[in-house]
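This is the structure I have questions about; it appears just below.
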Amino acid sequence: MPSMAANNFSRNTHQNQTKGDFVSRKQKIEQQRKNLPIAAVERRLVEEVRNNDTLIIVGETGSGKTTQLPQYLFKWGFCRDGGIIGITQPRRVAAITVAKRVAEECGIPLGQKVGYAIRFEDVTSGQTKIKYMTDGLLLREALLDPYLSKYSVIIVDEAHERTIHTDVLLGLLKNVQKARSKSINGVVNTDHNSSNNGHALEERIDNQNDGILKSCQVKKYNPLKLIIMSASLDARVFSEYFGGAKAVHVQGRQFPVDIFYTHKPETDCIDAALITIFQIHLEEGPGDVLVFLTGQEEIESVERLIHERLRQLPECSRKLLTFPIFSSLPSEKQMRVFMPSPAGHRKVILATNIAETSVTIPGIRYVVDPGLVKARTYDPKMGVDSLIIVTTSKAQALQRSGRAGRDGPGKCYRLYQESFFEKLTDSTLPEIKRCDLSNVVLQLKALGIDDVINFDFIEKPDRTAVVNSLWSLYLLGAVTEDNKLSDVGRQMARLPLDPVYSKALIVASQFGCLKEMLICVAMLSVESIFYAPREKLEESRNALKSFASPEGDHLTLLNVYRAADEFFQKNKMVHSEEKAEKNLRKWCKDNYINSRSLKHARDIHSQIVRNVEQMGLRVTSCEDDTLLLRRCLAASFFLKAAMKQPDGAYRVTLSGLIVQIHPSSVLFRAKPECIVFNELVHTNHSYVRNVSRIDYLWLVELAPHLYAVQD
Ligand SMILES: Nc1ncnc2c1ncn2[C@@H]1O[C@H](COP(=O)(O)OP(=O)(O)OP(=O)(O)O)[C@@H](O)[C@H]1O
């Protein structure tokens, strides 16, 4: 049996490091950087960027695109005019971890030259020149600054993922490029591939307020350099979209990854994954294992089964540690996967597709890929979000195997046959084809793009989906009858929230319960506040009871937030802020509350309080008037109401769909006559989540354009 030698992890933090450690780590990083395949073509890439306003870069996973290219561009003067290099990522975890790594490579604290920004969290400063961010965040920035004037270069990374934000962003960036070219040349430059050395436009600004003609003030718009990047990208589609933009391929990868397929189809993926994990553990050399699973439930059962099987092994073979990572897992637990495991132990990371692109988890040598993923699909006619398990695309399979081979040669075990791989689709169906579009439509309208149906999307969304989004925006009062953005719609677009939640805040300010609605909306905007591990289901349910409100989940969430806040404020009176935060995390743990989600909700809360104050809305409280708050919920969420049927199921008023209240709701057993809800998901049944009890007559009174008294 091979010895379980210590794997070669290196800590990301500088804590407890001596000066010697620091120097040797810096040298090691320098060496790693030099060895990356992209390092050999640094000059050429920089030249290509200089010569082409739009460039498509395709390079193998781990070749160094995400971490190195921004540093090269900085080094070769692309920030010289004061511009910033922005790099978008589809996932928050990637934006954060890559920014940390690049700051470390530069030997500077995060937030200075290198930073990141994601919704509700901004770790950048006036000095930041290399900014990693989510694609959604850049879209919001465009609302405030349509020229994206502070960026000299924008890199859209992992474009193959085709998130809804990436797709909209590409269309928008195309317009920004045109507008910036126009500002320089005085004409629209439609040739996106043309080089433009950009004699910056000198623009005279008349300061009309104080009547002084400041003729010496100049404003410069340089051309926007746009780079579309991915490991697995159909370069042709992107090139055509950008008027024949040049595509370059970065050859080679740092370390090889051998791919293995099964000889016959696997019927039980979990069992096949388990067998493979133990084969690796018992027969292969050192290195950690990354296993892709479909969700929390599957991860938890695989984790349990691993531990059961480990108990049957001799003591010396039990040095296998499991680490789950999925999006609703508390962040301190998520970050544990990036830490080195104790010497002599092998780590098995059980992950959803959160770990599929851009992230480097040091030490991973083996990837186990059953070839499945839980994907969100949206039925625009019914307004139903479904989570279904589907096979991955070839692009996803390549990304998954690319998580190995990043700090040594790797192996990827695909739990299906090679012939099956050949039949997989090249890339995943773009999200724009399978998502609710209300938010995007509202944002495009706020950006002045009125004719959303004819917007220059890289791939057009379904017409029905656009029409339905326009219809719900109309019902919410965000667009007028002739499809123009209304004043309310303009206010809604200023808030970084789903349109219904933005509307809820505006309605609540009129009802006099904005203070409470801000909390509800902040809590509804995060994933799973309650943490219910399978092995402690009973305890977690009991903990929930102490917060539960008979009126529904919204008031329950309000109770949790208030209890946490009271606990925190009391602690802060006697302890430092840091200690109070620590105690709050412990309180969360004791109460089966996901502390990361709660923290996230508290951050969102602070930000949206600032937003509504800037908008001039009155933040008043209804105190304990829960009736008023529930009436406000009805007035806000009337698009999602349902009536109880004789058999105890519910009929959604607008679509006629039959649904059940989700077992996680406090109203699961109470089954009131009429409800409003926020989420409709389809797993094995159609379920509604985040539910509150209302009176049907309130709908008639508060949303008369949709509801009438029933016979
Ligand atoms: N957090 C990290 N810790 C240790 N090494 C890292 C880290 N991030 C990156 N690296 C190293 O830098 C290499 C290049 O990573 P980078 O993310 O730039 O590659 P990439 O070409 O963008 O690949 P992908 O598209 O798969 O993200 C990795 O293979 C790894 O060796």
Side-chain angles (χ1 to χ4, degrees), residues 7-14 25-26 28-42 45 56-73 85 87-91 93-106 110 114 116 130 132 155-161 166 227-233 248-257 287-288 290 292 325 334-340 347 349 351 353-365 367 395-410 412:
N7 49 44
N8 57 353
F9 280 120
S10 37
R11 278 183 192 277
N12 264 347
T13 68
H14 290 173
R25 173 136 181 85
K26 204 165 160 25
K28 191 177 159 210
I29 286 181
E30 269 311 305
Q31 198 50 49
Q32 275 178 348
R33 291 190 61 197
K34 277 195 199 125
N35 290 342
L36 287 170
I38 200 170
V41 288
E42 172 178 348
L45 277 182
I56 293 153
I57 301 182
V58 185
E60 290 217 34
T61 50
S63 56
K65 303 175 298 298
T66 315
T67 52
Q68 306 309 304
L69 187 68
Q71 297 189 68
Y72 299 160
L73 296 178
I85 300 166
I87 311 100
T88 68
Q89 296 290 329
R91 288 176 218 283
V93 67
I96 301 171
T97 55
V98 175
K100 279 187 184 160
R101 167 72 181 183
V102 175
E104 194 191 12
E105 288 186 5
C106 298
L110 187 64
V114 182
Y116 72 87
I130 298 179
Y132 289 88
I155 304 176
V156 180
D157 199 6
E158 310 299 352
H160 77 279
E161 278 217 22
T166 295
I227 302 167
I228 319 290
M229 214 155 66
S230 171
S232 29
L233 186 105
V248 291
H249 292 254
V250 177
Q251 299 298 337
R253 53 181 313 136
Q254 206 181 353
F255 302 101
V257 177
D288 297 331
L290 174 63
F292 285 98
I325 179 166
Q334 273 191 2
M335 288 305 155
R336 277 172 52 195
V337 309
F338 295 95
M339 301 293 283
K347 261 190 338 185
I349 294 164
N353 58 349
I354 188 175
E356 192 174 277
T357 49
S358 274
V359 293
T360 296
I361 303 175
I364 296 293
R365 291 286 161 88
V367 167
Q396 285 177 298
L398 290 174
Q399 287 291 334
R400 288 179 173 194
S401 58
R403 297 313 107 197
R406 296 173 87 87
D407 54 10
C412 173

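Both ligands and their constituent atoms are indexed starting at 1 by order of listing.
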E105 N/O to ligand 1 N/O under 3.5 Å: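 So ligand 1 has no N or O lying under 3.5 Å from an N or O of E105.
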Decide whether the shortest distance between a heavy atom of G59 and an atom of ligand 1 is less than 4.0 Å.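 No, that is not the case, since the closest heavy atom of the residue is not under 4.0 Å from the ligand.
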Tell me, please, which residues at least two apart from P256 pass side-chain contact (heavy atoms from CB on, under 4.5 Å).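 Checked P256 against side-chain contact (heavy atoms from CB on, under 4.5 Å); matches are P409.
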For the residue pair Q89 and E158, confirm or rule out a side-chain donor-acceptor distance under 3.5 Å.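 No.
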When rounded to the nearest 0.5 angstrom, what is the spacing between CD1 in I85 and CG in L69?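 Taking CD1 in I85 and CG in L69, the distance rounds to 8.0 Å.
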Shortest heavy-atom approach to atom 7 (C) of ligand 1 - which of E104, R101, K28: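 Selected option, by shortest heavy-atom distance: R101.
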Residue-level breakdown please: for L36 versus ligand 1, do any non-hydrogen atoms fall below 4.0 Å on the side chain, on the backbone, on both, or on neither?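 The part of L36 near ligand 1 is the side chain, not the backbone.
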Within-cut-off N or O pair, V359 and ligand 1, under 3.5 Å: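 The answer is no, given that V359 and ligand 1 share no N or O pair closer than 3.5 Å.
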Answer yes or no: is there an ion pair linking K65 with E60, defined by an N-O contact shorter than 4.0 Å?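 Here K65 does not pair with E60 in a salt bridge, since their nearest N and O are not under 4.0 Å apart.
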Heavy-atom pair of closest approach, residues V257 and G405: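 Scanning both residues, the minimum pair turns out to be CG2-CA, 3.7 Å.
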Using distance alone, decide if ligand 1 has a nitrogen or oxygen within less than 3.5 Å of any nitrogen or oxygen in S63.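 Yes, there is a polar N/O contact under 3.5 Å.
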Quick check: does Q32 get an N/O under 3.5 Å from an N/O on ligand 1?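 No.
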R101-T67 side chain donor-acceptor pair, cut-off 3.5 Å: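 Note: R101 and T67 side chains miss the donor-acceptor criterion.
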Based purely on interatomic distance, does T97 place a nitrogen or oxygen under 3.5 Å from a nitrogen or oxygen of ligand 1?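 T97 vs ligand 1: no N/O contact under 3.5 Å.
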Where ligand 1 meets R403 - atom numbers and elements under 4.0 angstrom, heavy-atom basis: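 Selected atoms, number and element: 24 (P), 26 (O), 27 (O).
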For the atom pair CG (L45) and CD1 (I57), what is the distance rounded to the nearest 0.5 Å?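 So the gap between those two atoms works out to 5.0 Å.
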If you count the atoms of ligand 1 from 1 in the order shown, which ones are under 4.0 Å from a heavy atom of E158?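 Checking each atom against E158, I get 24 (P), 25 (O), 27 (O).
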Suppose we screen for side-chain contact (heavy atoms from CB on, under 4.5 Å). Which residues come up paired with I96, at least two apart in sequence or across chains?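 Testing I96 for side-chain contact (heavy atoms from CB on, under 4.5 Å), a comparison that skips the adjacent residues, returns K100, Y116, I118.
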Is R406 touching ligand 1 with its side chain, its backbone, both, or neither, if touching means heavy atoms under 4.0 Å apart?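 The part of R406 near ligand 1 is both the backbone and the side chain.
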Is it true that E356 and R403 make a salt bridge, defined as a side-chain N closer than 4.0 Å to a carboxylate O?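 Between R403 and E356 there is no salt bridge, as every charged N stays at least 4.0 Å from the carboxylate O atoms.
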Number the atoms of ligand 1 from 1 as they appear, then name those within less than 4.0 Å of a heavy atom of E60, with their elements.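 Near E60, the atoms of ligand 1 are 21 (O).
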Find all atoms of ligand 1 within a distance of less than 4.0 Å from any non-hydrogen atom belonging to K65, and give their numbers and elements.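 Atoms satisfying the 4.0 Å criterion: 18 (O), 19 (O), 20 (P), 21 (O), 22 (O), 23 (O), 25 (O).
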